[in-house]
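Worksheet: the structure to be examined is printed underneath.
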Amino acid sequence: MGKSCEGRVALITGASRGIGEGAARRLAAEGAAVAAVARTRADGDHRLPGSLERLVTDIAELGGRAVGIPADLSDPSLDRSNVVAQAEEALGGKVDILINNAARAFYQPFAELTEKRWRIAYELNVWAPWDLARLVLPGMRELGRGAIVNVSSGVAEPPSLPPNRASGPTMTGCLYGSTKAALNRWTVGLAAETWDDGITVNAVSPEAAVMTPGAGDYVNLPPESLEPMETMCEAILALSTAKPQELTGRITYSLSLICELNRPVCTLDGTELHLGWQPDDIDPNRLRG
């Protein structure tokens, strides 16, 4: 049986760590040629950041193909068409999987948020995914296939008001949540437009917290409120390879999707099952739907 992403070209943003890195490894293990995009170093050094270089090397050592593309997608002056062009030239094909994962999350009360942070968050979380989708859609339509997966967040859902006021990140997620709500809405709208083109467009959020390096800066949760990287990346892979008439226009959550599809969860290298996190292992009470 062939690998599910054989012959596909995937562009993944925020790929130097966390969910983006995990997704790059999982899709590469399934045969995708991966363009891993991440920010350059703050000092202006445009060599590959160390973590991105390691990712590309690791994928190559496992027999896969990958290229690292340094790019700060939060910079409004960046010509993102160059990112897509570099990916397609290096990997020799049209991008037909786009994983919009890069994001900035500022958790602060509304009155404390600066204009600069609002602009950064919307540039990276909303405008960059829109721009990249716009750039890859012609190639996907030419191929007659494609998948766009937008990594969202449960914070997109409106918080509860008194007397059942929510707490934690939800109550300080006005900015971050609004960017992800916007992402979710255009996900469904674009899916409706590409229904007949062989292109799926979906959004997926972690069901629980995936403790990425960035999340550790502002989230302090007990183990029972966490999920492993493998479940989120398996959900991303499922959406990357879904058939358009079966799974598109969905705003879903990782564990819920895995249980709905009864999909085995593999390790990131795809060589074995990730024990303890198979569909039958997941407590239904943890699912958001």
Side-chain angles (χ1 to χ4, degrees), residues 9-25 27-28 33-59 66-91 95 97-108 113-137 139 148-153 155 173 175-180 182-183 186-187 203 210 212-218 233 236:
V9 175
L11 191 155
I12 303 174
T13 68
S16 64
R17 62 178 185 170
I19 292 170
E21 178 189 357
R25 293 180 185 277
L27 267 66
V34 172
V37 182
R39 285 186 299 172
T40 57
R41 294 189 175 112
D43 61 7
D45 185 345
H46 286 262
R47 293 176 299 172
L48 289 185
S51 53
L52 190 57
E53 187 173 16
R54 284 195 299 274
L55 171 64
V56 171
T57 300
D58 289 349
I59 289 173
V67 60
I69 301 176
D72 183 357
L73 296 173
S74 69
D75 182 355
S77 68
L78 177 69
D79 183 352
R80 299 186 184 104
S81 65
N82 289 334
V83 173
V84 175
Q86 287 180 60
E88 294 183 341
E89 181 179 359
L91 299 175
V95 171
I97 299 175
L98 171 63
I99 312 297
N100 284 313
N101 166 71
R104 287 294 298 274
F106 298 112
Y107 286 101
Q108 289 179 282
L113 286 162
T114 63
E115 178 183 350
K116 180 179 179 180
R117 288 195 164 188
W118 274 87
R119 291 186 179 278
I120 289 172
Y122 270 87
E123 187 69 39
L124 183 56
N125 301 4
V126 181
W127 188 253
W130 175 88
D131 207 7
L132 289 172
R134 178 182 64 85
L135 290 163
V136 301
L137 273 172
I148 297 173
V149 182
N150 294 322
V151 176
S152 190
S153 169
V155 183
L175 170 55
Y176 185 52
S178 70
T179 65
K180 293 302 185 178
L183 188 71
W186 77 252
T187 293
V210 177
T212 64
D217 295 338
Y218 53 82
C233 293
I236 290 172

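Heads up: numbering here begins at 1 and tracks the sequence. Computed over heavy atoms, backbone and side chain alike; hydrogens, waters and symmetry mates excluded.
- Residues I236 and N101 fail the side-chain proximity criterion, which asks for heavy atoms closer than 4.5 Å.
- Side-chain atoms of V37 and L132, non-hydrogen and from C-beta on, never get closer than 4.5 Å to each other.
- Across all their heavy atoms, A23 and C233 have their closest contact at N-SG, 3.3 Å.
- Residues satisfying the side-chain hydrogen bond (donor to acceptor under 3.5 Å, both in side chains) criterion with D79, sequence neighbours excluded, are S81.
- R25 is listed as a side-chain neighbour of D58, based on a closest heavy-atom distance under 4.5 Å.
- Listed here is the closest heavy atom pair of A203 and T187: N-CG2, 3.6 Å.
- Closest heavy-atom contact between W186 and V126: NE1-O, 4.3 Å.
- Using a 4.5 Å heavy-atom cutoff, the side chains of N125 and Y176 are in contact.
- The shortest side-chain heavy-atom distance between L98 and L135 does not fall under the 4.5 Å cut-off.
- Considering every non-hydrogen atom in both I12 and G20, the closest pair reads CG2-O, 3.7 Å.
- Looking at W127 and R80, their side chains come closer than 4.5 Å, going by heavy atoms from C-beta outward.
- Inter-residue side-chain proximity for V84 and L11 is flagged as met; some heavy-atom pair is nearer than 4.5 Å.
- Residues meeting the side-chain contact (heavy atoms from CB on, under 4.5 Å) test with A66, sequence neighbours left out: V34, V56, I59.
- In this structure, R119 places its CZ atom where only 12 or fewer heavy-atom neighbours from other residues, nucleotides or ligands lie under 6.0 Å away.
- Among residues two or more places apart in sequence or in another chain, the side-chain contact (heavy atoms from CB on, under 4.5 Å) test is passed with S77 by D75.
- What you find for A102 and T13 is that their closest heavy atoms are N-OG1, 2.9 Å.
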